[in-house]
Each structure stands twice: as C-alpha cells, then as structure tokens.
Participant: 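Once you've had a glance at the structure underneath, I'll fire off some questions.
These numbers were taken from a predicted model, which means no experiment stands behind them. Nothing fancy with the numbering, it's 1 onward along the sequence. Every heavy atom of this structure was used, including side-chain atoms; hydrogens, water molecules and symmetry mates were not.
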Amino acid sequence: MHTLRLRFYASLNDFLPKRWKQRTFTLGFLGQPTVRELLIQLNIPPPEVAFILAEDRAVDFDYRPQEGERLSFYPIFYTLIPGSPLQTLPPERPPRFLLDTHLGRLARYLRMLGFDAEHFSAPDPGDGALVQRAAQDGRVLLTRDRRLLARKAVRYGYFVRATAPQAQLLEVVDRFALQTLIRPFSRCLCCNVQLEPVDAQTVAAQLPPEVRRHYTDFYRCPSCDRIYWEGSHHARMQRLVDQVLQGRDP
C-alpha cells in the first residue's frame, strides 16, 4: 500500500466527504495509478479540474504520482486563470452548453437568458451520443451524472450540484461567470434558435385578437415559427432574470 497527500481547492471540495474538505488528507492506493484514475476513484469529474501540482511542479492527467507526494488540485477560474499550463481550459465565451436528458427545465432557463443550450429529450440518445456531440461542438456538458463526466472524451463538463431548476440556473450563471453575457429573451425556448424581429402585420393571422390590440413588438423563431411578445408570461420570466442578475436565490 502506497500513500499520497492530496489537497483540493474551491468548488472541487463539493465532491469530498466532510472529513476531507478544505484540508490536506492522506490517501492509500495500490499500484501506480494516473492522476485521472485517482480522480475517478474519488468520484471527482476530471473536466472540472484545470490545474494540478505535484509538490511544486505542474503535471497532467497522465502523470503517475510517486510515493508520499503532495498533489494539489484547482478548478477552472473564469475571472482569474493561473499562468501555468491548464489541463482543462475554460470554454469559449459565451459558452455553449449541452444538457443531459434530465436537465430540460434548466436548458429552457438558460435559453431564456440568451445562451445556446442544446438538450436531447426523449428518447434518451445515450451517454455515448452526448459525449460525442459535446466533443464535436466544443460544448460544455452539464449533467448530474459523475460517471458521464469521467469519460476521457469529455473536454468541458460540469456536475450541477443543485436539484431545483431555478437554483441550478443561478449556480450555472455563477460558476461560469455569465452575468455580463446575459441577453434575455433573444432565443427560442423550444428550439434554441436565435429569434428574429417580425412585423405585426406579417403575423397578425397567428395572433389572438387581444394580443393584436395590446402589443406591437413581435419576434419569431425561424425554426418552429413560434411567435413571442411581451405578455404576462414575459413579466414572470423577467422577475426570474432580475433575480439571477442580482445573484439572489429565485
């Protein structure tokens, strides 16, 4: 049996039992596993780890620690990036997301804020298809399945901690520092496509009489042809947007 001294920083502590949080702890292991294998053993998604130190030098996921070494793990920081080589680079700005089957409500909320958030609903495409699509498009894979994030092909990924959809939204906005990138009501909630302004006369036949009388500004989804306007539903969503911008729990 060999031992290592491990220390995890910031949000990576979310995955640790209480006795190991915010402190250096000793881990026993057999053989000579790689850093990636150690992370998976601890149920920590490798895509959330950006920077790794073995004693005082940067190492990568394929590094095999030596007996007694101290390893330090740092998450991605979106406002402060270390100067040393990062194992997981921050995604493009604004990030594009891919959400697994169980995060449909969160996908709609992200679209409401104007973010590109793809979501595969039923039938479930399977883990392999999700991983392939995320890798192909350079999307951040959002999931509550740590095993999915343990796949080597996942370059960008994040384990969503909260269970309530509105709390998940606030968490993702905060974690990815999205506050200044929000463009509310610019994307179709159903199709994830950018909305286009449309003349009221052009869509008059698709609108209820009350809407035609009280509203003049309309937007249309070029994919599904849905029409959007600032009705009562818009006011409810605006309250949620305001709460997110203020960093308050919805």
Side-chain angles (χ1 to χ4, degrees), residues 8 10-17 29 31 33-52 60-64 73-76 78 86-113 115-176 178 187-193 223:
F8 291 84
S11 60
L12 296 178
N13 282 274
D14 295 345
F15 302 105
L16 298 175
F29 64 96
T34 65
V35 167
R36 174 180 286 277
E37 289 167 343
L38 286 170
L39 290 170
I40 292 172
Q41 177 183 331
L42 292 170
N43 211 13
I44 296 173
E48 294 207 18
V49 177
F51 185 57
I52 309 160
D60 60 22
F61 288 128
D62 294 325
Y63 177 72
R64 297 183 184 275
F73 298 86
Y74 300 83
I76 295 174
Y78 293 89
L86 300 178
Q87 301 309 308
T88 303
L89 294 173
E92 62 185 21
R93 305 286 285 171
R96 294 177 298 146
F97 298 102
L98 176 63
L99 294 86
D100 74 13
T101 308
H102 306 290
L103 296 176
R105 183 66 65 83
L106 174 59
R108 289 176 65 90
Y109 283 152
L110 285 169
R111 293 170 187 171
M112 179 189 69
L113 297 183
F115 296 107
D116 186 340
E118 282 199 2
H119 172 251
F120 295 133
S121 55
D124 191 331
D127 290 354
L130 282 170
V131 169
Q132 182 179 3
R133 183 60 175 272
Q136 175 183 317
D137 293 351
R139 292 180 177 273
V140 180
L141 182 56
L142 299 181
T143 181
R144 283 187 50 76
D145 183 351
R146 297 191 205 181
R147 293 175 300 175
L148 186 58
L149 295 178
R151 294 195 174 211
K152 196 168 185 177
V154 178
R155 183 179 183 188
Y156 305 123
Y158 178 71
F159 176 79
V160 180
R161 277 67 157 172
T163 56
Q166 292 188 6
Q168 291 173 341
L169 177 65
L170 193 64
E171 175 187 333
V172 170
V173 168
D174 183 63
R175 182 67 189 95
F176 290 88
L178 302 178
R187 192 174 291 272
C188 180
L189 300 182
C190 299
C191 298
N192 192 40
V193 174
S223 175

Participant: Between Arg36 (side chain) and Asp62 (backbone), is there a donor-acceptor pair under 3.5 Å?
Facilitator: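 Not confirmed, Arg36 side chain does not pair with Asp62 backbone.
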Participant: Do we see a donor-acceptor contact under 3.5 Å between the side chains of Glu48 and Tyr156?
Facilitator: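 The answer is no; no qualifying pair exists.
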Participant: Do Phe51 and Phe73 have ring centroids that are under 6.0 Å from one another?
Facilitator: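 No.
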Participant: Side-chain atoms of residues 147-154: list all donor-acceptor pairs with protein atoms under 3.5 Å, sequence neighbours left out, distances to 0.1 Å.
Facilitator:
none

Participant: Does the side chain of Leu39 reach to within under 4.5 Å of the side chain of Leu42, using non-hydrogen atoms?
Facilitator: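 Sidechains of Leu42 and Leu39: no contact.
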Participant: Start with the C-alpha gap between Arg187 and Val193, add the side-chain angles, then the distance that decides, and say whether side-chain contact (heavy atoms from CB on, under 4.5 Å) holds.
Facilitator: CA-CA 5 Å; Arg187 192 174 291 272; Val193 174; 5.8 Å; no
Participant: Without swapping roles, check the side chain of His102 against the backbone of Arg144 for a donor-acceptor pair under 3.5 Å.
Facilitator: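 Judged by distance alone, no pair lies under 3.5 Å.
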Participant: Any donor-acceptor pair under 3.5 Å linking the side chain of Arg146 with the backbone of Phe159?
Facilitator: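 Checked: no pair found.
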Participant: His119 versus Arg111: any side-chain heavy-atom pair under 4.5 Å?
Facilitator: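 Yes - at least one pair of side-chain heavy atoms lies under 4.5 Å apart.
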Participant: Keeping Arg155 on the side-chain end and Pro47 on the backbone end, is there a donor-acceptor pair under 3.5 Å?
Facilitator: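 Looks like no, no N/O pair under 3.5 Å.
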Participant: Compare all side-chain heavy atoms of Val49 with those of Phe61 and state whether any distance is below 4.5 angstrom.
Facilitator: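 Side-chain contact under 4.5 Å: yes.
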Participant: What are the two closest heavy atoms between Pro165 and Arg105, and how far apart are they?
Facilitator: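 It is CB-CG, 3.3 Å.
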Participant: Walk me through whether Leu113 and Leu178 qualify under side-chain contact (heavy atoms from CB on, under 4.5 Å).
Facilitator: CA-CA 10 Å; Leu113 297 183; Leu178 302 178; over 6 Å; no
Participant: Please give me the minimum heavy-atom distance between Phe120 and Leu98, naming the atom from each residue.
Facilitator: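 Shortest heavy-atom contact: CE1-CD1, 3.9 Å.
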Participant: Does CZ belonging to Arg96 count more than 12 external heavy atoms closer than 6.0 Å?
Facilitator: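 Count over threshold, so yes.
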Participant: When you compare the side chain of Leu110 with that of Phe97, does any pair of heavy atoms fall below 4.5 Å?
Facilitator: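 Side-chain contact under 4.5 Å: yes.
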Participant: So, for Ser223 and Cys191, which heavy atoms are closest and what is the spacing to 0.1 Å?
Facilitator: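 Shortest heavy-atom separation between Ser223 and Cys191 comes out as OG-SG, 3.9 Å.
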Participant: Taking Ala10's backbone N and O only, do any of them form a donor-acceptor pair with Asn13's side chain (distance below 3.5 Å, no angle check)?
Facilitator: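 Pair found, side chain donor or acceptor close to backbone of Ala10.
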Participant: Using side-chain heavy atoms (C-beta onward) and a distance below 4.5 Å, is Ile76 in contact with Arg175?
Facilitator: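 Answer yes - side chains close enough.
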Participant: Are the side chains of Leu99 and Glu118 in touch, meaning some heavy atoms are under 4.5 Å apart?
Facilitator: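 The answer is no; the side chains never approach within 4.5 Å.
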Participant: Once you round to the nearest 0.5 Å, how far does CD1 of Ile44 lie from CG of Leu16?
Facilitator: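 Reported to 0.5 Å precision, the distance equals 4.5 Å.
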Participant: Under 4.5 Å between any side-chain heavy atoms of Thr143 and Leu130, yes or no?
Facilitator: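 Result no, sub-4.5 Å side-chain heavy-atom pair not found.
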Participant: Write down the atom of Arg139, the atom of Asp116, and the distance for their closest heavy-atom approach.
Facilitator: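 Heavy-atom minimum between the residues: NH1-OD1, 2.9 Å.
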Participant: Would a line drawn from the ring center of Phe8 to the ring center of Tyr74 be shorter than 6.0 Å?
Facilitator: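 Not under 6.0 Å, so no.
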Participant: Would you check, one step at a time, whether the test side-chain contact (heavy atoms from CB on, under 4.5 Å) holds for Val172 with Tyr109?
Facilitator: CA-CA 11 Å; Val172 170; Tyr109 283 152; over 6 Å; no
Participant: Can you see which heavy atom on Ala162 is nearest to which on Glu171, and at what distance?
Facilitator: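 Closest approach of Ala162 to Glu171: N-OE1, 2.8 Å.
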Participant: Which pair of heavy atoms, one from Leu142 and one from Leu103, lies closest together, and at what distance?
Facilitator: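 Closest heavy-atom pair between Leu142 and Leu103: O-CD1, 3.5 Å.
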Participant: Gln168 versus Arg161: any side-chain heavy-atom pair under 4.5 Å?
Facilitator: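 With C-beta onward as the side chain, the pair stays apart.
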